Amino acid sequence: MNDTKSLPALPDRLSVDPRSPHHVAEIFEHEIGIKLNGKQRFDVEEYCISEGWVKVPVHKALDRRGHPLMKTVKGTVEAFYG
């Protein structure tokens, strides 16, 4: 009756973009959350816990290939399952 599936360990670096080498599809089967400096962020595209940064899109700006431009924000990063 109890279907408790163990969650995969969250990596030190993770990206939402499937073209990235830091993308792990099995983690995105579950809902994850990111806190930066104690405040939860909902717009994070990539993070690195050990280096202390997250990448977030810059409003509506796009690069020449049509992908959103990213801004790096530094601070204390925490990743968790939500």
Side-chain angles (χ1 to χ4, degrees):
M1 280 257 184
N2 232 352
D3 280 340
T4 55
K5 184 179 175 184
S6 67
L7 299 173
L10 289 170
D12 177 57
R13 188 169 178 179
L14 184 66
S15 176
V16 175
D17 187 2
R19 296 171 290 136
S20 171
H22 302 289
H23 179 78
V24 182
E26 67 184 22
I27 289 180
F28 292 107
E29 294 174 0
H30 311 282
E31 188 171 332
I32 63 169
I34 304 295
K35 283 187 179 180
L36 179 68
N37 296 329
K39 183 179 175 188
Q40 190 166 0
R41 300 283 305 241
F42 299 99
D43 58 348
V44 174
E45 295 286 325
E46 186 174 354
Y47 73 81
C48 183
I49 296 172
S50 64
E51 295 177 13
W53 55 261
V54 297
K55 289 190 179 182
V56 295
V58 178
H59 195 49
K60 295 181 181 179
L62 301 175
D63 67 6
R64 62 183 174 192
R65 293 183 182 96
H67 304 294
L69 288 177
M70 296 294 165
K71 176 173 80 169
T72 302
V73 183
K74 295 186 177 196
T76 305
V77 180
E78 296 175 53
F80 59 91
Y81 283 106

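Not measured: the values here are computed from a predicted model.
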* Side chains of Glu46 and His22 in contact at under 4.5 Å (non-hydrogen atoms) -> yes
* same_hphob_cluster(Phe28, Val24) at 4.5 Å side-chain heavy-atom cutoff -> yes
* To do: Taking the side chain as every heavy atom from C-beta outward, state whether His67 and Arg19 have any pair of such atoms under 4.5 Å apart.
  => yes
* Which distance, rounded to the nearest 0.5 Å, do you find between the CD1 of Ile34 and the CZ of Phe80? -> 7.5 Å
* Would you indicate whether the side-chain heavy atoms of Leu36 and Val44 approach each other to under 4.5 Å? => no
* Asked: Does the pair Lys55 and Thr72 meet the rule for a side-chain contact (heavy atoms from CB on, under 4.5 Å), with working shown?
  -> CA-CA 5 Å; Lys55 289 190 179 182; Thr72 302; 3.8 Å; yes
* **Pro8 and Glu29, any side-chain heavy atoms less than 4.5 Å apart** => no
* **side-chain contact (heavy atoms from CB on, under 4.5 Å) between Trp53 and Arg13, worked out** => CA-CA 10 Å; Trp53 55 261; Arg13 188 169 178 179; 3.6 Å; yes
* Leu10 and Val16: same hydrophobic cluster, using ILVMFWY side-chain contacts below 4.5 Å? -> yes
* Quick check: does any side chain N or O of Asp12 sit under 3.5 Å from a backbone N or O of Ser50, one acting as donor and the other as acceptor? -> yes
* Asked: Below 4.5 Å, heavy atoms only, C-beta onward: do Glu45 and Ser15 meet side chain to side chain?
  -> no
* To do: Please test Asp63 against Arg65 for salt bridge (Lys or Arg N to Asp or Glu O under 4.0 Å), starting from the C-alpha separation and ending with a verdict.
  => CA-CA 5 Å; Asp63 67 6; Arg65 293 183 182 96; 5.1 Å; no
* Verify the cluster assignment for Met70 and Ile49: are they in a single hydrophobic cluster under the rule of side-chain heavy atoms below 4.5 Å apart? => no
* Rounded distance [0.5 Å steps], CD1 in Ile32 versus OH in Tyr47 -> 5.5 Å
* **Side-chain touch Val58/Pro68, heavy atoms, less than 4.5 angstrom** => no
